[in-house]
Peer 1: 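Below is one structure. I have some questions about it.
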Amino acid sequence: MSDPILDELARMLEARKQAEPDGSYVAGLYAKGLDAILKKIGEEATETVMAAKDGVPDKIVYEVADLWFHTLVLLAHQGLGPDHVLAELARRMGTSGLVEKARRGN
Ligand SMILES: N=c1c2ncn([C@@H]3O[C@H](COP(=O)(O)OP(=O)(O)OP(=O)(O)O)[C@@H](O)[C@H]3O)c2ncn1[C@@H]1O[C@H](COP(=O)(O)O)[C@@H](O)[C@H]1O
């Protein structure tokens with residue numbers, strides 16, 4: 001299971017492990033370490049909550065994109081990727097019968 005955008009982002013996040021921190025936001029985050037990545041995830045989660053409370057759809061999408069992005073940075077930092085999460089979600093769908101429903105189209 002994969003998604004082309006998530007795959008491309010995962011490839012970029014992997015490549016940034018070799019990049020200089022100066023010119024790259026992602027390489028800069030890697031250089032600051034796990035706590036800095038976790039701090040960003042906390043901030044983006046809070047910003048997502050605030051956007052949802054404001055109820056502006058564009059803002060919610062923007063903040064969720066920031067949140068997803070930083071969780072992808074965390075996954076890459078830990079040697080994981082979006083496929084691991086998609087596989088887990090697919091597994092849960094399998095156990096709840098959702099995969100079967102999606103195949104049947106209802
Ligand atoms: N998708 C993203 C992306 N989403 C969010 N961000 C960064 O995440 C940060 C979001 O934090 P905030 O909302 O708190 O904004 P901020 O106050 O500017 O952030 P800080 O100064 O606190 O870090 C911003 O600095 C954004 O630039 C991203 N930075 C990079 N990417 C992708 O990663 C690629 C590689 O980026 P570089 O590593 O910079 O080359 C880019 O081409 C994009 O495709």
Side-chain angles (χ1 to χ4, degrees):
M1 158 148 324
S2 66
D3 170 271
I5 292 176
L6 294 178
D7 284 350
E8 193 52 40
L9 271 173
R11 265 193 293 277
M12 181 278 297
L13 293 174
E14 204 50 42
R16 286 298 189 272
K17 290 180 180 175
Q18 319 300 330
E20 290 299 323
D22 281 356
S24 158
Y25 174 76
V26 175
L29 260 186
Y30 288 148
K32 288 181 195 161
L34 179 61
D35 283 358
I37 298 169
L38 298 178
K39 186 164 175 272
K40 284 306 293 182
I41 291 176
E43 287 170 13
E44 300 308 342
T46 302
E47 285 168 21
T48 299
V49 169
M50 284 159 47
K53 285 287 190 183
D54 288 346
V56 181
D58 285 355
K59 254 173 102 174
I60 297 172
V61 169
Y62 187 90
E63 296 302 344
V64 170
D66 269 355
L67 181 57
W68 282 20
F69 177 75
H70 287 89
T71 58
L72 289 169
V73 173
L74 172 66
L75 288 171
H77 184 265
Q78 299 295 298
L80 297 165
D83 282 358
H84 293 93
V85 179
L86 291 173
E88 173 61 17
L89 290 172
R91 189 190 64 76
R92 294 179 194 179
M93 288 174 78
T95 56
S96 67
L98 276 175
V99 167
E100 201 46 45
K101 277 186 200 155
R103 283 203 187 105
R104 287 200 308 264
N106 60 10

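Ligands are counted one by one from 1 in listed order, and the atoms in each one are counted from 1 as well. In this text, all values refer to a predicted model and were calculated from it rather than measured experimentally.
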Peer 1: Is a donor on one side and an acceptor on the other found under 3.5 Å between the side chain of Lys39 and the backbone of Leu34?
Peer 2: no

Peer 1: Does some non-hydrogen atom of the protein lie less than 4.0 angstrom from atom 34 (C) of ligand 1?
Peer 2: yes

Peer 1: If you measure every N or O of Val26 against every N or O of ligand 1, does any of those distances drop under 3.5 Å?
Peer 2: yes

Peer 1: So, taking the atom named CG in Leu6 and the one named CG in Asp83, what distance separates them when rounded to the nearest 0.5 Å?
Peer 2: 8.5 Å

Peer 1: Tell me the protein heavy atom at minimum distance from atom 41 (C) of ligand 1, and give that distance in Å.
Peer 2: Met12 CE, 4.8 Å

Peer 1: Kindly say whether Leu80 contributes a backbone atom to a donor-acceptor pair with the side chain of His84 at under 3.5 angstrom?
Peer 2: no

Peer 1: Between Pro82 and Leu72, is there a side-chain heavy-atom distance shorter than 4.5 Å?
Peer 2: yes

Peer 1: Please report the interatomic distance CD(Glu44) to NE2(His70), rounded to the nearest 0.5 Å.
Peer 2: 5.0 Å

Peer 1: Hey, what do you get for CD (Gln18) to OG (Ser24), rounding to the nearest 0.5 Å?
Peer 2: 11.5 Å

Peer 1: Which residue from Glu43, Arg16, Lys40 reaches closest to atom 14 (O) of ligand 1 through any of its heavy atoms?
Peer 2: Lys40

Peer 1: Using 0.5 Å steps for rounding, measure from the CG atom of Leu89 to the CZ atom of Arg92.
Peer 2: 6.0 Å

Peer 1: Around atom 38 (O) of ligand 1, find the nearest protein heavy atom and jot down its residue, atom name and distance.
Peer 2: Ser24 OG, 2.5 Å

Peer 1: For ligand 1, which atoms have a heavy atom of Glu47 less than 4.0 angstrom away?
Peer 2: 13 (O)

Peer 1: For atom 44 (O) of ligand 1, what's the nearest protein heavy atom and its distance?
Peer 2: Leu9 CD2, 4.4 Å

Peer 1: Just to confirm my output: which protein heavy-atom neighbour is closest to atom 5 (C) of ligand 1, and how far is it?
Peer 2: Asp66 OD1, 3.2 Å

Peer 1: In the protein, which heavy atom is nearest to atom 39 (O) of ligand 1, and how far is it?
Peer 2: Tyr25 N, 2.8 Å

Peer 1: Please tell me if atom 23 (O) of ligand 1 is touched by the protein, where touching means a protein heavy-atom distance below 4.0 Å.
Peer 2: yes

Peer 1: Could you check atom 10 (C) of ligand 1 against the protein and tell me its nearest heavy-atom contact, residue, atom and distance included?
Peer 2: Glu44 OE2, 3.5 Å

Peer 1: Please round to the nearest 0.5 Å and tell me the distance separating atom CG of Asp54 and atom CD of Glu63.
Peer 2: 9.5 Å

Peer 1: Tell me: protein heavy atom nearest atom 28 (C) of ligand 1, and distance?
Peer 2: Phe69 CE2, 3.5 Å

Peer 1: Under a 3.5 Å distance rule, please check whether Tyr62 uses its side chain to pair with a backbone N or O of Pro57 as donor and acceptor.
Peer 2: no

Peer 1: For atom 18 (O) of ligand 1, is the nearest protein heavy atom closer than 4.0 Å?
Peer 2: no

